[in-house]
Visitor: 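After the structure tokens below, expect a handful of questions from me.
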Amino acid sequence: MTFLIHTYGCQMNVRDSDAVAAALIAAGHRLVEDEAEADLVIVNSCSVRGKAEDKAIGKLRLLCVAKRENPRRMVGAMGCMAQRLGEELFRLVPRLDFAVGSRAARFIPQVVADLQAAGGRQWVAGDIADSDVPTGHVGAGLSEFVTILLGCNRRCAYCIVPTVRGPEYSRPAEDVVEEVRCLARKGVREITLLGQSVLRYGLLGAPVWPAPAPQGAPFTEPFPRLLEAVAAVPGIQRIRFTSGHPAGCTEELARAMRDLPAVCPHLHLPVQSGSDRILKLMRRGYTAEQYVEAVDRLRAHVPDVAITTDIIVGFPGETEEDFEATRALMRRVRFDNSFVFKYSPRPGTPSAEWEDDVPAGEKDRRDKVLLADQDEIGVAQNEAWVGREAEVLVEGPSLRNAQMWSGRSGQNKIVVFPPSDGVARGGLARVRITRARPQTLYGELVK
Ligand code: SAM
Ligand code: SF4
């Protein structure tokens, strides 16, 4: 069959879709870009906010309507929403052909074969504690995601992720390194290590390393050791990882970010709120002060480190004073970028039992205020780069202006520059920044 996967949500979903696409290709199906050409369309769904679920359901319904034009059309759902709703999804989308749970994606080729042979519909729940991590990749771009940790055990009060993605499981380090080696041989230069709380890698369950670090080794904690091992893979020039948690921002992590040149000076470190009272209700496990200390620890070793974050506005009981505490924390930390989310109660989470008492209009206002604050800080952060040199992983001609080339700095900022002989896609170039815009830096190659 020809097939296409629509992906909503986070980078873990992007990675899962890629692995499913690779498995479908291995089973003889063909990936297409145009939805009208696809016999099989899968929606990889997100459940983190109500709106994300509405979007996925709307898309599934539209895809089913289009079955009229293509009688071969098969429609499937995977990901967090499919896990949360299970068979209920067939009631909401009556002509849906299959749905698989969040840790059951590897069964999709079999489900498709069964339905082709016998028709009908299938719900495959799988085992929510399954530790099988699909390793296939469709292609090998410059940059690829590698999942190192499944699920989450933190149970923040507002979050559906632990329910829909199951318990935390860390892959053995040797498996991760082997996947990275394989990608590097195909030309991949940048690896992003993924996990909901990625710094918890190797802290729970069976040891991820076959033996403790030797005496005197520079890194002894499981995650910094993994960074060291991935950095040693020939061809890998850059390593990123997401998402972090202040509890994982150890002295050793900061040293690994400083001493391993391949590790990018960037950390996505969701703070969620700057109010201790709200952080406690959210069960985040840190105070605003402890969050700032974690950032300071990283900055002490890696002064240029870019810190990006997630913030929730309108959590139950969030007062104007709590909100102002978040604004104050934003000014104090000076994030390079912030993703602001309006609180959305998720059924089954602890906070869904509490009154969602911040009115929608007020959530909107707080959202806009924080985004405006962040814009101001972001522009200033970018302007501070003017006159300095950034190391850029060259991606090729810029999307907006083919005369110019672009790439990303270690801090994950888009850098645009005029190309020159000897600079090729996949290479690292030094660019002196001459101009800053809110989302982009412009500069010239340093010879
Ligand atoms: N595991 C990551 C972490 O804890 O930092 C991110 C998890 S979630 C996929 C991404 C972001 O969605 C969270 O950081 C949070 O800001 C937001 N989020 C999660 N649950 C939410 C909810 N119920 N309402 C609004 N935003 C939510
Ligand atoms: Fe959700 Fe918290 Fe786990 Fe992140 S750490 S996935 S916000 S429970």
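We count ligands from 1, going down the list as the structure has it; atoms in each ligand are counted the same way. Residues take their numbers from the sequence shown, with the count starting at 1. Every value quoted in this text rests on a predicted model; they were computed, and no experiment measured them.
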Visitor: Charged N to carboxylate O below 4.0 Å: is that the case for Arg346 and Glu53?
Guide: yes
Visitor: Could you work out, for atom 4 (O) of ligand 1, the closest of Lys51, Met282, Arg284, Arg154 by heavy-atom distance?
Guide: Arg284
Visitor: Look at atom 16 (O) of ligand 1 and say which protein heavy atom is nearest, naming residue and atom and giving the distance to 0.1 Å.
Guide: Gln272 OE1, 2.7 Å
Visitor: Under a 4.0 Å N-O cut-off, is there an ion pair linking Arg331 with Glu376?
Guide: no
Visitor: Taking Glu168's backbone N and O only, do any of them form a donor-acceptor pair with Asn153's side chain (distance below 3.5 Å, no angle check)?
Guide: yes
Visitor: Among protein heavy atoms, which lies nearest atom 20 (N) of ligand 1, and at what distance?
Guide: Tyr158 CD1, 3.3 Å
Visitor: Is ligand 1 less than 4.0 angstrom away from at least one heavy atom of Met12?
Guide: no
Visitor: Give the residue, atom name and distance (to 0.1 Å) of the protein heavy atom nearest atom 2 (C) of ligand 1.
Guide: Gln196 O, 3.3 Å
Visitor: Got the closest protein heavy atom to atom 25 (C) of ligand 1, with its distance?
Guide: Lys342 O, 3.4 Å
Visitor: Under a 4.0 Å N-O cut-off, is there an ion pair linking Arg332 with Asp296?
Guide: no
Visitor: Return the closest protein heavy atom for atom 5 (O) of ligand 1 as residue, atom name and distance.
Guide: Pro270 CG, 2.8 Å
Visitor: Less than 4.0 angstrom from a charged side-chain N to a carboxylate O is my criterion; do Lys342 and Asp356 meet it?
Guide: no
Visitor: Of all the non-hydrogen atoms in the protein, which one sits nearest to atom 23 (N) of ligand 1, and at what distance?
Guide: Ser344 O, 2.8 Å
Visitor: To the nearest 0.1 Å, how far is atom 9 (C) of ligand 1 from its closest protein heavy atom, and which atom is that?
Guide: Val48 CG2, 3.6 Å
Visitor: Can a salt bridge be assigned to the pair Glu144 and Arg15 using a cut-off of 4.0 Å between side-chain N and carboxylate O?
Guide: no
Visitor: Which atoms of the protein, restricted to N, O or S, are nearer than 2.8 Å to atom 1 (Fe) of ligand 2?
Guide: Cys159 SG
Visitor: Find all atoms of ligand 1 within a distance of less than 4.0 Å from any non-hydrogen atom belonging to Tyr343, and give their numbers and elements.
Guide: 24 (N), 25 (C)
Visitor: I'd like to know if Arg327 pairs up with Glu324 as an ion pair, taking the criterion as any Lys NZ or Arg NE/NH1/NH2 lying under 4.0 Å from an Asp or Glu carboxylate oxygen.
Guide: yes
Visitor: Is Asp132 salt-bridged to Arg106, cutoff N-O under 4.0 Å?
Guide: yes
Visitor: Is ligand 2 less than 4.0 angstrom away from at least one heavy atom of Arg284?
Guide: yes
Visitor: Do the side chains of Glu293 and Arg297 get close enough for a salt bridge, i.e. N-O under 4.0 angstrom?
Guide: no
Visitor: Taking NZ, NE, NH1 and NH2 as the nitrogens, is one of them in Glu35 or Lys59 under 4.0 Å from a carboxylate oxygen of the other?
Guide: yes
Visitor: Below 4.0 Å, non-hydrogen atoms only: which portion of Arg49 touches ligand 1? Side chain, backbone, both or neither.
Guide: side chain
Visitor: Looking at Arg425 and Glu395, is any side-chain nitrogen of the basic one under 4.0 Å from a carboxylate oxygen of the acidic one?
Guide: no
Visitor: Any ion pair linking Lys363 and Glu318 (charged N to carboxylate O, less than 4.0 Å)?
Guide: no
Visitor: Side chain, backbone, both or neither: which applies to Cys10 and ligand 1 if a contact is any heavy-atom pair less than 4.0 Å apart?
Guide: neither
Visitor: Would you check whether Asp310 has a nitrogen or oxygen atom less than 3.5 angstrom from a nitrogen or oxygen atom of ligand 1?
Guide: yes
Visitor: Less than 4.0 angstrom from a charged side-chain N to a carboxylate O is my criterion; do Asp304 and Arg299 meet it?
Guide: no
